[in-house]
Asks: 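This structure is in structure tokens; I'll ask about it shortly.
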Amino acid sequence: MKQFQPRLNPEDLVFVDLLSDTGFKLVYANPANKSLLINLLNIVLPDDMRVSDIVEYRDREQNPDSFLGKKTILDLVCRDLAGNIFCVEVQRKIDSAFGKRCVYYASGQYHSQLRKGQRYEELHPVFEIAFLEEQIPHADETLWDTDNIISRYQIAEMSTGESLGSTIFIIFAELGRFSKSAEECLTVKDKLFYWFKNASCLKDAPAWTEDPELSALMTATEIAAFPPEKKDIYIKNIMNERDIEYQQKICFDRGLKQGLEQGMEQGLVRGREEGRETGARENALKT
């Protein structure tokens with residue numbers, strides 16, 4: 001497979017980095033790009049669930065889950081004509097608690113729908129959708145590859161798979177598994193995933209002009225087409241975001257190093273204590 005280049009410096013970017021909070025919001029939280037958001041949702045949703053229009057956008061800034069957590073938890077929350085709620089986000093790194101966090105925030109959205117006096121029948125489904133730069137470990141890795149990167153979860157009976165109805169759905173698009181080159185992308189879905197993953201690493205767009213939605217997406221992510229003020233804001237925000245990522249990595253590495261050093265020191269101390277105890281017992285036996 002073709003090996004892609006690492007991310008460019010912000011000043012050298014030609015296209016928006018869609019796997020960043022800044023880039024994702026710039027494109028998909030813009031009501032002028034509503035058709036792009038609808039197309040993105042319909043790509044990852046189950047086949048029997050189609051979005052025809054978006055009637056509400058909410059940009060929810062929330063506190064991080066922990067000191068090392070990302071600043072923005074939900075990049076975009078939107079509601080369609082039927083009242084269904086979509087929480088869409090991007091994540092570069094995932095950890096062991098990522099799945100629980102997704103369920104936590106989806107549950108919060110589901111719970112927050114009802115006001116005093118309303119009935120449970122009035123609840124609409126909530127879809128927590130995450131586009132991931134990494135891969136999620138699965139019990140059977142052979143079932144997941146570059147042609148199958150979307151995993152969908154819902155509340156279901158364990159032996160039969162029977163669901164409790166349309167309540168909470170957790171959907172992951174694992175772009176870390178997507179490895180196709182531009183030439184290998186034949187479907188609209190593949191081309192969208194390719195652009196989502198690689199746009200910020202490219203100098204030129206692929207010659208994909210047959211699909212108006214793909215052409216519109218590439219145009220919406222072309223930084224050179226931005227007004228100067230919008231371009232400056234994007235560059236500033238993406239640099240700030242990368243600084244946060246770098247500081248988080250430093251904190252994590254430092255914490256890991258300190259933990260290892262403390263563990264080694266504790267081990268040495270314990271070893272010395274056990275050594276003294278053993279020596280004392282041996283001396284007592286000799287006397």
Asks: Around atom CG of D47, are there more than 12 heavy atoms of other residues, nucleotides or ligands at under 6.0 Å?
Replies: no
Asks: How many angstroms lie between CD1 in I43 and NZ in K189, if you round to the nearest 0.5 Å?
Replies: 7.0 Å
Asks: What are the two closest non-hydrogen atoms of V126 and A106, and how far apart are they?
Replies: CG1-O, 3.8 Å
Asks: Judged by atom type as modelled, is there a donor-acceptor pair below 3.5 Å linking the side chain of R177 to the main-chain atoms of N148?
Replies: no
Asks: Between H138 and Y153, how do the two ring planes meet: parallel, tilted or perpendicular, split at 30° and 60°?
Replies: parallel
Asks: Is there a side-chain contact between I129 and L41 (heavy atoms, below 4.5 Å)?
Replies: yes
Asks: So do the side chains of D147 and K180 get within less than 4.5 Å of each other, counting heavy atoms only?
Replies: yes
Asks: Can you tell me if CD on E56 sees more than 12 non-hydrogen neighbours from other groups inside 6.0 Å?
Replies: yes
Asks: Does any non-hydrogen side-chain atom of E122 lie less than 4.5 Å from one of L114?
Replies: yes
Asks: To the nearest 0.5 Å, what is the distance between CD (E184) and CG (D190)?
Replies: 9.5 Å
Asks: Can you see which heavy atom on I38 is nearest to which on S52, and at what distance?
Replies: CD1-O, 3.7 Å
Asks: Check whether any side-chain heavy atom of S151 lies under 4.5 Å from a side-chain heavy atom of W144, and answer yes or no.
Replies: yes
Asks: Look at atom NZ of K230 and say whether more than 12 heavy atoms of other residues, nucleotides or ligands are closer to it than 6.0 Å.
Replies: yes
Asks: Can you list the residues that meet the side chain to side chain donor-acceptor pair (under 3.5 Å) rule with E229, with sequence neighbours excluded?
Replies: none
Asks: To the closest 0.5 Å, what do you measure between CD (Q91) and CG (L132)?
Replies: 7.0 Å
Asks: If only atom types and distance count, is the side chain of N198 paired as donor or acceptor with the main-chain N or O of Y194 below 3.5 Å?
Replies: yes
Asks: Name the one of L40, T22, L37, N33 that satisfies side chain to side chain contact (heavy atoms under 4.5 Å, CB included) with V27?
Replies: N33
Asks: Which pair of heavy atoms, one from A156 and one from G161, lies closest together, and at what distance?
Replies: CB-O, 3.7 Å
Asks: When you measure from the side chain of T146 to the backbone N and O of S179, does any donor-acceptor pair fall under 3.5 Å?
Replies: yes
Asks: Relative to the ring of Y234, is the ring of F226 parallel (under 30°), tilted (30 to 60°) or perpendicular (over 60°)?
Replies: perpendicular
Asks: Hey, what do you get for SG (C87) to CD1 (I171), rounding to the nearest 0.5 Å?
Replies: 11.0 Å
Asks: One pair to check against side chain to side chain contact (heavy atoms under 4.5 Å, CB included): F172 and I94. What are the steps and the verdict?
Replies: CA-CA 11 Å; F172 301 132; I94 58 175; over 6 Å; no
Asks: Considering all heavy atoms of both residues, which atom of E141 and which atom of I136 are nearest to each other, and what is their separation?
Replies: OE2-O, 3.9 Å
Asks: Contact between Q154 and T167 at the side-chain level, heavy atoms closer than 4.5 Å - yes or no?
Replies: no
Asks: Considering non-hydrogen atoms only, spot the tightest contact between Y57 and P31 and give its length.
Replies: OH-CA, 3.9 Å
Asks: Is Y120 reachable from Y110 through a run of hydrophobic residues whose side-chain heavy atoms are each under 4.5 Å from the next?
Replies: yes
Asks: Within the side chain of D211, is there an N or O that forms a donor-acceptor pair under 3.5 Å with the backbone of L214?
Replies: yes
Asks: Could you tell me the separation between the CG atom of L36 and the CG atom of L217, rounded to the nearest 0.5 Å?
Replies: 5.5 Å
Asks: Between D17 and S200 (side chain of the first, backbone of the second, donor and acceptor by atom type, cut-off under 3.5 Å), is there such a pair?
Replies: no
Asks: State whether the side chain of R79 and the backbone N or O of R58 hold a donor-acceptor pair below 3.5 Å, judged by distance alone.
Replies: no
Asks: Would you call the rings of F178 and F193 parallel, tilted or perpendicular if under 30° counts as parallel and over 60° as perpendicular?
Replies: perpendicular
Asks: Are the aromatic rings of F131 and Y28 close, with centres under 6.0 Å apart?
Replies: no
Asks: Please answer whether the main-chain N or O of T160 pairs with a side-chain N or O of E157 as donor and acceptor at a distance below 3.5 Å.
Replies: yes
Asks: Can you name the nearest heavy-atom pair linking L76 to A29, along with the distance?
Replies: CD1-CB, 4.0 Å
Asks: Check R101 with E128, please: is the shortest side-chain N to carboxylate O separation under 4.0 Å?
Replies: no
Asks: Main chain of L123, side chain of Q113: is a donor-acceptor contact present, judged purely on distance under 3.5 Å?
Replies: no
Asks: In Å and rounded to the nearest 0.5 Å, what is the CD to CD1 distance from Q109 to I85?
Replies: 5.5 Å
Asks: Just so I know, are the side chains of N84 and H124 near enough to count as touching, which here means a heavy-atom distance under 4.5 Å?
Replies: yes
Asks: Is the side chain of D75 donor-acceptor paired with the backbone N or O of D21 at a distance under 3.5 Å, no angle test?
Replies: no
Asks: Would you please classify the geometry between the W195 ring and the F15 ring as parallel, tilted or perpendicular, with 30° and 60° separating the classes?
Replies: perpendicular
Asks: With no hydrogens and no angle check, is any side-chain donor or acceptor of Q135 less than 3.5 Å from a backbone partner on G176?
Replies: yes
Asks: Report yes if some heavy atom in the side chain of M218 is under 4.5 Å from a heavy atom in the side chain of L202; otherwise report no.
Replies: no
Asks: Taking the side chain as everything from C-beta on, heavy atoms only, tell me whether S20 gets closer than 4.5 Å to K25.
Replies: no
Asks: Let me see the working for F24 and F196 under side chain to side chain contact (heavy atoms under 4.5 Å, CB included), right down to the final yes or no.
Replies: CA-CA 9 Å; F24 180 84; F196 218 100; 3.8 Å; yes
